[in-house]
Amino acid sequence: QAILLRVGRCGSTLLSNLLTGVGARVALREPEFLNSLFLARAATRDPAEIARIEILAGQLTACLARAVQPRKAIVKLSSWTAPLAAPLLARFPDTPVIVVVRDPWQTVASFLAEPPHWYGPAGAALSGPERARAARFFAEAWQSTVAAARSLPGDRTLFLDYEDIAGDPAAALEKLRRHLRDGGAPP
């Protein structure tokens, strides 16, 4: 099992496809139930409600992982959820974490060229002051994701860069397989 955190537009889909291509793993890509629970968690200050949400997120994630057995699950979280994922990660202390990053300038430029669906109306062009606000927002999202990931225990966390994944997928996959303690040669 593994949990995949990421900044946006970073090659995490390519990485998920490489990992699942041989059939031993299945990717649970941005499960909507987790997105909903992360939003609910962020919207409440009630400690009892927070505890219920965190328990439910952990139980549902574990249930999904069991459902795909004997294959191993890679749970790929939505890019904006990394700062909210710490309680979920704490429930799986032995699960490896993969963090996929990309140069912040390239990430922001990609979001500005094609804003994500969660930022605003599909196909909306960003110009003038809105473009500047969007650039700042996307840069802050990148920073908060990386800051959250850097706070994770180093012995269970592997950072992979977009350039490494796109430039030499076989080498990136081998590095990842070692982190996940998978045997055998890369596909």
Side-chain angles (χ1 to χ4, degrees), residues 1-13 15-16 26-68 73-105 107-112 114-122 124 126 129-160:
Q1 314 301 349
I3 295 176
L4 179 71
L5 301 176
R6 63 203 179 77
V7 298
R9 314 279 169 84
C10 62
S12 61
T13 299
L15 189 64
S16 293
V26 62
L28 305 172
R29 293 179 173 100
E30 304 179 37
E32 190 56 40
F33 77 88
L34 281 178
N35 289 342
S36 297
L37 289 171
F38 286 138
L39 285 174
R41 166 65 175 83
T44 187
R45 299 274 188 247
D46 177 16
E49 184 68 13
I50 289 169
R52 283 191 294 276
I53 291 167
E54 290 174 358
I55 289 168
L56 181 58
Q59 290 173 334
L60 289 171
T61 302
C63 182
L64 278 176
R66 284 190 301 275
V68 300
I74 301 283
V75 180
K76 176 185 169 186
L77 299 180
S78 297
S79 60
W80 58 268
T81 61
L84 304 171
L88 176 66
L89 297 174
R91 294 194 177 280
F92 302 98
D94 298 326
T95 301
V97 178
I98 306 143
V99 181
V100 185
V101 296
R102 184 179 187 188
D103 175 86
W105 294 102
T107 303
V108 170
S110 179
F111 279 141
L112 289 173
E114 188 179 329
H117 69 83
W118 47 261
Y119 185 74
L126 300 174
E130 177 55 28
R131 186 171 178 82
R133 279 191 296 277
R136 188 170 19 271
F137 177 82
F138 297 142
E140 289 171 358
W142 185 97
Q143 189 278 331
S144 66
T145 297
V146 172
R150 290 188 65 185
S151 71
L152 298 172
D155 61 332
R156 73 183 272 208
T157 306
L158 172 69
F159 281 81
L160 288 174

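Note that these values count all heavy atoms, side chains included, but never hydrogens, waters or copies made by symmetry.
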Subject >> Worked check of side-chain contact (heavy atoms from CB on, under 4.5 Å) between T145 and L5 >> reply: CA-CA 8 Å; T145 297; L5 301 176; 5.7 Å; no
Subject >> Shortest non-hydrogen contact between I98 and A2, atoms and distance >> reply: CD1-CB, 3.9 Å
**OP:** Hey, could you give me the CG/CD1 distance between L88 and I55, rounded to the nearest 0.5 Å?
**Re:** 12.5 Å
Original post:
Knowing that exactly one of T81, V75, L60 qualifies, which makes a side chain to side chain contact (heavy atoms under 4.5 Å, CB included) with L34?
Top reply: V75
Subject >> T157 side chain vs G154 backbone, donor-acceptor pair below 3.5 Å >> reply: no
Subject >> Residue pair R9 / P115: nearest heavy atoms and the distance that separates them >> reply: NH2-C, 4.0 Å
**OP:** May I ask you to decide if A148's main-chain N or O and S151's side chain share a donor-acceptor pair within less than 3.5 Å?
**Re:** yes
Subject >> Interatomic distance, L37 atom CG to L84 atom CG [nearest 0.5 angstrom] >> reply: 11.5 Å
Original post:
Between Q1 and P96, which heavy-atom pair has the shortest distance, and what is it?
Top reply: O-CD, 3.2 Å
**OP:** Provide the closest heavy-atom pair for R102 versus S110 in the form atom of the first, atom of the second, distance.
**Re:** NH1-CB, 4.1 Å
Subject >> Qualifying residues under side chain to side chain donor-acceptor pair (under 3.5 Å), relative to R41, sequence neighbours excluded >> reply: E54
Original post:
Do you know the tightest heavy-atom contact between R52 and D46?
Top reply: NH2-OD2, 4.2 Å
**OP:** Taking all non-hydrogen atoms of both residues into account, name the closest pair between S79 and G8 and its distance.
**Re:** CB-N, 3.7 Å
Original post:
Could you state the interatomic distance from OG1 (T95) to CD1 (I74), rounded to the nearest 0.5 Å?
Top reply: 10.0 Å
Original post:
Between CG of L89 and CZ of R156, what distance do you get to the nearest 0.5 Å?
Top reply: 5.5 Å
**OP:** Go through L56 and F33 one step at a time and tell me if the side-chain contact (heavy atoms from CB on, under 4.5 Å) criterion holds.
**Re:** CA-CA 10 Å; L56 181 58; F33 77 88; over 6 Å; no
Subject >> Trace of the ring-ring contact (aromatic ring centres under 6.0 Å, His included) decision for F111 with F137 >> reply: CA-CA 10 Å; F111 279 141; F137 177 82; 8.9 Å; no
Original post:
Do any N or O atoms from the side chain of S78 and from the backbone of W80 form a donor-acceptor pair under 3.5 angstrom?
Top reply: no
**OP:** Working to the nearest 0.5 Å, report the span between NZ of K76 and CG of L15.
**Re:** 9.0 Å
Original post:
Quick check: are there more than 12 heavy atoms from other residues, nucleotides or ligands sitting under 6.0 Å from CZ of R91?
Top reply: yes
Subject >> Distance in Å, I3 CD1 paired with L28 CG, rounded so as to fall on 0.5 Å steps >> reply: 10.5 Å
**OP:** Spell out, as yes or no, whether a donor-acceptor pair under 3.5 Å connects the side chain of R6 to the backbone of L77.
**Re:** yes
**OP:** Flag yes if more than 12 heavy atoms outside E49 fall under 6.0 Å of its CD atom; otherwise flag no.
**Re:** yes
